[in-house]
Amino acid sequence: MTTSIWTEMMAYWLMKTEPEAFSLDDLKARGQEPWDGIRNYQARNFLRSMQPGDGIFIYHSRVAVPGIVGMAEVVSSARPDPTQFDPHSHYYDSGSSLDKPRWDLVDVAYRRSFRQCISLDSLRNMPEFADSPLVRKGNRLSILPITESQWQHVLSLVDDGRQ
């Protein structure tokens with residue numbers, strides 16, 4: 001069963017991405033990638049609390065059917081995001097400096113694709129997600145914590161073939 005590789009994790013996360021910019025398939029092709037470009041303080045603080053071994057659900061947003069499409073794992077501690085210092089980067093921040101960086105990233109590694117997307121509509125109907133900011137209207141955070149019961153519930157759906 002897939003859940004056994006995730007039982008020793010310290011935390012679980014959901015990371016949103018727009019597949020036209022960077023998809024789960026892109027992560028799969030690269031194997032591992034820095035998760036850069038986060039420019040929201042709350043999401044940045046979540047990045048800073050991530051530890052190697054933490055589990056991640058990858059969520060595709062801004063698509064016809066948004067939802068969880070697979071899994072990744074945090075493979076590095078947070079460190080300054082170099083794109084904030086690059087004036088040619090879309091993520092450049094003129095207020096950041098090498099001695100006082102504002103923005104961080106972590107490296108994430110591909111772990112698994114799901115056969116089907118677990119849609120936002122499905123998540124809204126799951127009691128495990130009733131209190132999650134993910135299912136609230138207007139939520140725009142690109143990184144959210146996931147509880148262990150939410151993590152296990154999603155894994156049970158994909159492992160028993162319901163999704």
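Here the structure is a predicted model, which is why all the values come from computation and not from measurement. Computed over heavy atoms, backbone and side chain alike; hydrogens, waters and symmetry mates excluded.
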Inset, instruction - Answer yes or no: does atom CG of Asp26 have more than 12 heavy-atom neighbours from other residues, nucleotides or ligands under 6.0 Å? - result: yes
Legend entry - Test: Arg124 and Asp121 ion pair at under 4.0 Å: yes
Legend entry - Side-chain touch Leu141/Phe46, heavy atoms, less than 4.5 angstrom: yes
Inset, instruction - Please check if Val63 and Phe114 belong to a single hydrophobic cluster, counting links between Ile, Leu, Val, Met, Phe, Trp and Tyr side chain heavy atoms closer than 4.5 Å. - result: no
Legend entry - Least distance between heavy atoms, Arg79 atom then Ser76 atom: NH1-OG, 3.4 Å
Legend entry - Polar side-chain atom of Asp107 near backbone of Val75 as donor-acceptor pair, under 3.5 Å: no
Inset, instruction - For His153 and Glu128, work out which heavy atoms get closest and say how close. - result: ND1-OE2, 3.4 Å
Inset, instruction - Return yes if some donor-acceptor pair links the side-chain N/O of Gln84 with the main-chain N/O of Trp103 below 3.5 Å, else return no. - result: yes
Inset, instruction - Starting at CD1 of Ile68, measure out to CD1 of Ile146 and round the result to the nearest 0.5 Å. - result: 6.0 Å
Inset, instruction - Group every Ile, Leu, Val, Met, Phe, Trp and Tyr by side-chain heavy-atom contacts under 4.5 Å, then state whether Leu120 and Tyr12 land in the same group. - result: yes
Inset, instruction - Before giving the answer on side chain to side chain contact (heavy atoms under 4.5 Å, CB included), spell out for Arg39 and Thr83 the whole-Å C-alpha distance, their side-chain angles and the decisive distance to 0.1 Å. - result: CA-CA 11 Å; Arg39 297 299 184 266; Thr83 64; 3.0 Å; yes
Legend entry - Linked, directly or transitively: Leu134 and Val65 (ILVMFWY side chains, under 4.5 Å): no
Legend entry - Under 4.5 Å side-chain linkage, directly or through intermediates, the cluster mates of Leu98: Phe85
Legend entry - Residue pair Asp25 / Ser23, side-chain donor-acceptor N/O under 3.5 Å: no
Legend entry - Check: Thr17 side chain, Phe22 main-chain N or O, donor-acceptor pair, under 3.5 Å: yes
Legend entry - Atom of Val108, atom of Met15 and distance for their closest heavy-atom approach: CG1-SD, 4.1 Å
Legend entry - Gap between atom CD1 of Ile118 and atom CE of Met126 - 0.5 Å precision: 5.5 Å
Legend entry - Pairing residues for Tyr59 by the ring pair (Phe, Tyr, Trp, His ring centres under 6.0 Å) criterion, not counting sequence neighbours: none
Inset, instruction - State yes or no: do Tyr91 and Ile143 share one hydrophobic cluster built from I, L, V, M, F, W and Y residues joined by side-chain heavy-atom distances below 4.5 Å, directly or via other members? - result: no
Legend entry - Test item: His60 and Cys117 side chains (from C-beta on) under 4.5 Å apart, heavy atoms: no
Inset, instruction - Verify the cluster assignment for Ile38 and Ile58: are they in a single hydrophobic cluster under the rule of side-chain heavy atoms below 4.5 Å apart? - result: yes
Legend entry - Distance in Å, Trp35 CH2 paired with Glu33 CD, rounded so as to fall on 0.5 Å steps: 9.0 Å
Legend entry - Asn40 side chain near Arg140 side chain, heavy-atom distance below 4.5 Å: no
Inset, instruction - Can you measure from CG (Leu123) to OG (Ser132) and round to the nearest 0.5 angstrom? - result: 8.0 Å
Legend entry - Exercise: identify the closest heavy-atom pair between Ala43 and Ser142: CB-OG, 4.1 Å
Legend entry - Closest heavy-atom pair and its distance - Leu155, Met71: CD2-SD, 3.4 Å
Inset, instruction - May I ask you to decide if the ring planes of Trp151 and Phe57 are parallel, tilted or perpendicular, using 30° and 60° as cut-offs? - result: parallel
Inset, instruction - Indicate yes or no for a side-chain donor-acceptor contact from Asp81 to the backbone of Gly37 under 3.5 Å, with no hydrogens or angles considered. - result: yes
Inset, instruction - Grab the two heavy atoms, one from Leu27 and one from Ala109, that are nearest each other, plus how far apart they are. - result: CD2-C, 4.3 Å
Inset, instruction - If a pair satisfies side-chain hydrogen bond (donor to acceptor under 3.5 Å, both in side chains) and one of its residues is in residues 41-51, list it, with sequence neighbours excluded. - result: Arg48-Asp104
Inset, instruction - Mark yes or no for whether Arg136, through its side chain, and Asp131, through its backbone, hold a donor-acceptor pair below 3.5 Å. - result: yes
